[in-house]
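Read through the structure below, which is laid out as structure tokens, and then see the notes.
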Amino acid sequence: MSFMLEDVSRMLHRSSASLLSPLDEAIVSGIVVADELRLSFSNEFLLQGILESIPAPARGALRREASEHLRSHSAASEQLFPSTDEVCSPAHSLIMDGRATAGIRTAERVLADPHVSTATRLDAEASIVLGHSLLGTEEHERHARGILRERGAGQGDVVTLMASTALSSALWRSGALDEALGLGRAAVRYSDGADPVWRMHALLALAGKLTDLRAFEQAESLIDDAEAGLRALPTQVWNAAPAVVRARLFLQAGRFGDARREAELAVAAERPDAVPVLRPLAHCVLSTVALYVGDLPTAVESLGRARSELASDRTVLPSAQYAWTELRIAVKRDGPQAAVDLFAGKYRDLPTQRSLYVEDPVAAPFLVRLALDVGDTGLERSVLETVDALAADNPGISVVGLGALHANAVAAGDAAALSHIIARSPDPIAVALATEELAKIYRSRTPGGRRSTASLPSSPSQARAEEAIASQLNPVCWAGLSDMERRIAYLVSVGMTNRLIAKEVHLSAHTVNYHLRKIYRKLGINTRVELASGAATYSSRAAIYSTGTDGRPGFGRAGGTAV
């Protein structure tokens, strides 16, 4: 990486003269070399070694400061980092930088020139489709359909590729999932032979949809493909984009540490790797991970960074996650009425927004529980009508169907349906929420509000002992359980025998017992009582909308610690 001394001077708020002595030392030691106009590190390995020697928190802070400096000094930015013009057009670059309107205008000026090459013209047309898709203009769906109708399928045609991708994403947000998947897969097929910077859009868009459906292996394969294409380019660009999509995949899969790592890489990325249009989504992943592990202050801080990005004049990827993250933090920090207030104000349309229940099927049961606790029958009705219609329109999408079943089970107090969610849902957070609801039902059916199963403590002293055991269980260990192990653990926690569990998960009782022994080893426990206590603690942390021991909403607890 090369740079100019005046750029460093501006960023450090020091005069160039004051930097001459440390610069001379760096040159003498061989760290930095100088030519007639510019300075550069002597080799990439040395630069990486220097960066890795800086403590991670300080390195992240320095990167953020550098990014702010680069955004406020665009001319200096072009000097400090290699130009991306070799691998992407100015219009495409502007759009990915969050300046969609400017990118569209740049592309339109290119198209107005009758002498540009065919490849340049196609790039400009694709940029316009991408820009309008991100802006969410009323005409973008009609425009995309017109392109597909007029041009048909074209292998390697970036305009067809982007029209299919843009229309697929619009349909996905509206809840037309089958048609959206078909167009998304067609876009990936069209992308063979296309430039990697355009192919990336089709691959990552489809990966995001498959993540929503919990088809994690297929989604990760597409992300890997997009990342490999970018890394094969002569100049590195936009490597943060695969990191953001992978972070969200890891979050949905319950791999919170991995999700945090990828999201941190994305938000710390500098040009040309940075992708500002996706940065708010990465901040939302960090905020949600913090909520799931009980770190409310970090969740609030990350949400603040997302809000700051959203409040800027930059274009960002349309997503329900921005509002959904703020809503959950409001519930956890301030109680259910805070969420109701948000629905009465800026998020009035969120309960009937289909894309929310597509992106996160846990949203429906969460909001129904919220409505029940505040006595808001209108909210309950809006959520159930929306999610039921979504499921009816997409009968082949099991995740959506399970989300609707889960929401209705919470509304009706249906223990059998909740048990079905625990046994069949591929979503660890849905399983945690269903476990809490089922435990609440069992408590309400027994004298004194106590559940008559072996998984509940029988005395205050035993309760205290089990709470101590549960507090020692690390959520990271629970996240390390396989899907089957986690289901079995939750079924144990609601008092089911091995024989009943075997019927639910379609295994033999002997195999269930084998899985239980593995679970015990992974968690460092020895009994079903310990497992039940740990499951209750983990579900409270993971579910966010937790309940206290008296069955009332426990909004003031995060990871077992008062906040």
Side-chain angles (χ1 to χ4, degrees), residues 283-284 286-307 310 320-353 356-357 360-384 386-387 406-407 409-411 413 429-430 432-441 443-444 449 467 471 475 536-563:
H283 283 303
C284 282
L286 290 173
S287 183
T288 303
V289 168
L291 268 181
Y292 286 170
V293 300
D295 184 357
L296 186 58
T298 299
V300 173
E301 180 186 0
S302 295
L303 175 62
R305 294 185 184 280
R307 282 174 173 166
L310 294 168
Q321 292 305 301
Y322 314 131
W324 178 227
T325 303
E326 182 175 353
L327 178 81
R328 286 181 293 179
I329 287 179
V331 169
K332 194 68 175 178
R333 182 179 58 186
D334 303 318
Q337 188 58 46
V340 175
D341 292 342
L342 287 172
F343 288 138
K346 62 180 178 178
Y347 295 143
R348 185 183 306 275
D349 297 330
L350 187 63
T352 56
Q353 191 172 329
L356 172 62
Y357 308 116
D360 194 343
V362 170
F366 182 102
L367 293 179
V368 169
R369 168 45 55 200
L370 178 69
L372 292 173
D373 286 338
V374 300
D376 190 334
T377 56
L379 173 61
E380 178 187 355
R381 183 171 57 254
S382 294
V383 172
L384 292 177
T386 303
V387 77
H406 193 170
V410 172
I429 308 304
L433 274 173
T435 301
E436 284 197 298
E437 285 294 327
L438 193 55
K440 186 187 302 182
I441 291 171
R443 280 196 295 270
S444 69
E467 184 175 352
S471 68
T537 298
Y538 180 65
S539 68
S540 292
R541 289 173 174 174
I544 305 307
Y545 194 102
S546 59
T547 55
T549 55
D550 59 357
R552 294 197 301 267
F555 296 102
R557 293 181 61 81
T561 304
V563 295

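Counting from 1, the numbers follow the sequence of the chain as shown.
For the side-chain contact (heavy atoms from CB on, under 4.5 Å) criterion with R369, the lone passing option out of V410, V331, V374 is V410. With respect to R328, the side-chain contact (heavy atoms from CB on, under 4.5 Å) criterion is satisfied by exactly one of L370, L291, L303: L291.
When all heavy atoms are compared, the tightest approach of V387 to A407 is CG1-CB, 4.3 Å. Looking at every heavy atom in both residues, A411 comes nearest to E380 through CB-OE2, 3.5 Å. Among all heavy-atom pairs drawn from V362 and A430, the shortest one is CG2-N, 3.5 Å. Here the closest heavy-atom approach between residue A330 and residue A338 is recorded as O-CB, 3.8 Å. Shown here for Y322 and Y347, the closest heavy-atom pair between the two residues is O-OH, 4.4 Å.
The main-chain N or O of P351 is found under 3.5 Å from a side-chain atom of Y357 such that the two form a donor-acceptor pair. Remark: side-chain polar atoms of S287 are not paired, donor with acceptor, to backbone N or O of H283 under 3.5 angstrom.
Atom CG in L296 sits 7.0 Å away from atom CD1 in I329 (nearest 0.5 Å). For the atom pair CG of L286 and CG of D295, the computed distance is 11.0 Å after rounding to the nearest 0.5 Å. Here the CG atom belonging to L367 is positioned 6.0 Å from the CG atom belonging to L327, to the nearest 0.5 angstrom. Atom CD of E437 is separated from atom CG of L372 by 8.0 Å, given to the nearest 0.5 angstrom. In this structure, the separation between CG on D360 and CD on Q321 is 6.0 Å, given to the nearest 0.5 Å. Note that OG of S382 is 10.5 Å distant from CG of D349, once rounded to the nearest 0.5 Å.
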